[in-house]
Protein chains: 2
Amino acid sequence: MLQTTAPKVPPQRDLRNFLEELYQGRHLQAFRAGQTIPLNPQDIWIVCRGVVQLSTLYPNGDEALLGLACSSMPFGLPLSLIYPYQAVALSDVDLMCLTLTEVQQSPDLSQEIFQHLTRRLRQAEAMLAMAGCRRVEERLRQLLLLLQMEIGQPTVEGTRLNVRLTHQHLASAIGTTRVTVTRLLGKLKEEGWLRLDKDRHIVLL
Amino acid sequence: MLQTTAPKVPPQRDLRNFLEELYQGRHLQAFRAGQTIPLNPQDIWIVCRGVVQLSTLYPNGDEALLGLACSSMPFGLPLSLIYPYQAVALSDVDLMCLTLTEVQQSPDLSQEIFQHLTRRLRQAEAMLAMAGCRRVEERLRQLLLLLQMEIGQPTVEGTRLNVRLTHQHLASAIGTTRVTVTRLLGKLKEEGWLRLDKDRHIVLL
């Protein structure tokens, strides 16, 4: 269902280099894993390194994953309609802050960010398609394939997910319990579909 | 949960006028309500009039709604990772076809499409947040609020949804049955939350 090869796009300049050229003297802001990223109505953050988890909270206290902003992806309140909306660094991250007005007034900047905004849309759609799968196991497989694409690092043994996601993270993303995720990951491990490496990162085989 | 007022964005030129200026002589393509829009790997469609439903099919035959492309919004295979992916005109529509390369090579075009791509991302995220609501009635209310924002037309009586969505469309969008949607719409009608007008369009009161 999820196409594991992304549609071909022409090679582009590296967004981080572009931003650093454009905004000489504007510093990257660093956040440690687990820190909440402040969100302001006009600010768009660009991820220069690391992964940021975007989520919302329901009145009953459940949390729903809305996206993972990976390298070069934009996120922030101007790009969302959701309230409450929260952004938490899943790994150590470096971010650059731009304003919506800056992006909208600069054709070059819009052009650079365009493809990374597309990546976010593709990811959100893939998560929607995943949410509609009736079987929890299928939702988990689809999520892992999506993560492979987004935060996978090819190694000799398989694709290692660059960020360590807890079973609770995975459970929120697919609308199930932590216990079910633990059981299903065990099953996928037995089937030889994945393994954990020494740092407890998932490696898809 | 869903913020019913979209974040403020500076007024921009009308995308349709912009496209017509830029692509003089390139005709809009018209499709009738119910027609399937052909999708090619390099083509991005821009909706100039009407609403297009984007969806996927699961192996069991269920259909999941992935988005509603409304006026000025872009859609097409370069913007998605999903297979199978289908686009069906929900109303009579006029579309303009661009290629991904054209968009990527033109800063002006990227800049114009940027805000409408943002609208699609916001919508997809709102649908994701909706999918995570445990109560079906809450999912339906959230969907109707989203539709109010996307295809609502203010009238003296309330906001009329510009496109007539069947109970099955609404059911696919929130992962429930047609029968449940019919029952819940009846309840919301009794509560004075909505009514149907003479053309059987939903009016949110």
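A, B, ... follow the sequence lines: proteins, then strands. Residue 1 opens every chain.
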Quick one: of B/D62, B/V103, B/L146, who has the most non-hydrogen atom pairs under 4.5 Å with chain A?
B/D62
Side chains of A/Q104 and B/Q115 in contact at under 4.5 Å (non-hydrogen atoms):
yes
Straight-line distance of A/L117 CG to B/L121 CG, nearest 0.5 Å:
5.5 Å
Does a donor on one side chain sit under 3.5 Å from an acceptor on the other, for B/E138 and A/Y58?
no
Residues passing the side chain to side chain donor-acceptor pair (under 3.5 Å) test with A/S71, sequence neighbours excluded, are none
Under a 4.5 Å heavy-atom cut-off, does chain B meet the side chain of A/R119, its backbone, both or neither?
neither
Could you pull out the closest heavy-atom pair between B/L79 and A/E125, with the gap in Å?
O-OE1, 4.2 Å
Nearest heavy-atom pair of A/L66 and B/A129: which atoms, and what distance?
CD2-N, 3.7 Å
Do B/M149 and A/L81 make a side-chain contact, defined as non-hydrogen atoms from C-beta onward lying under 4.5 Å apart?
yes
Atom pair CG/CZ of A/N60 and B/R134 - distance to nearest 0.5 Å
5.5 Å
Considering only heavy atoms and a distance below 4.5 Å, find which of A/C133, A/A126, A/S172 pairs most often with chain B.
A/C133
Answer with side chain, backbone, both or neither: which region of A/S106 has an atom nearer than 4.5 Å to a non-hydrogen atom of chain B?
backbone
Minimal non-hydrogen separation, A/P107 against B/Q111, with atom names
CG-OE1, 3.4 Å
Minimum-distance pair of heavy atoms, taken over all atoms of A/A131 and B/A131
CB-CB, 4.2 Å
Okay, B/T56 and chain A: the region with an atom under 4.5 Å from a heavy atom over there is side chain
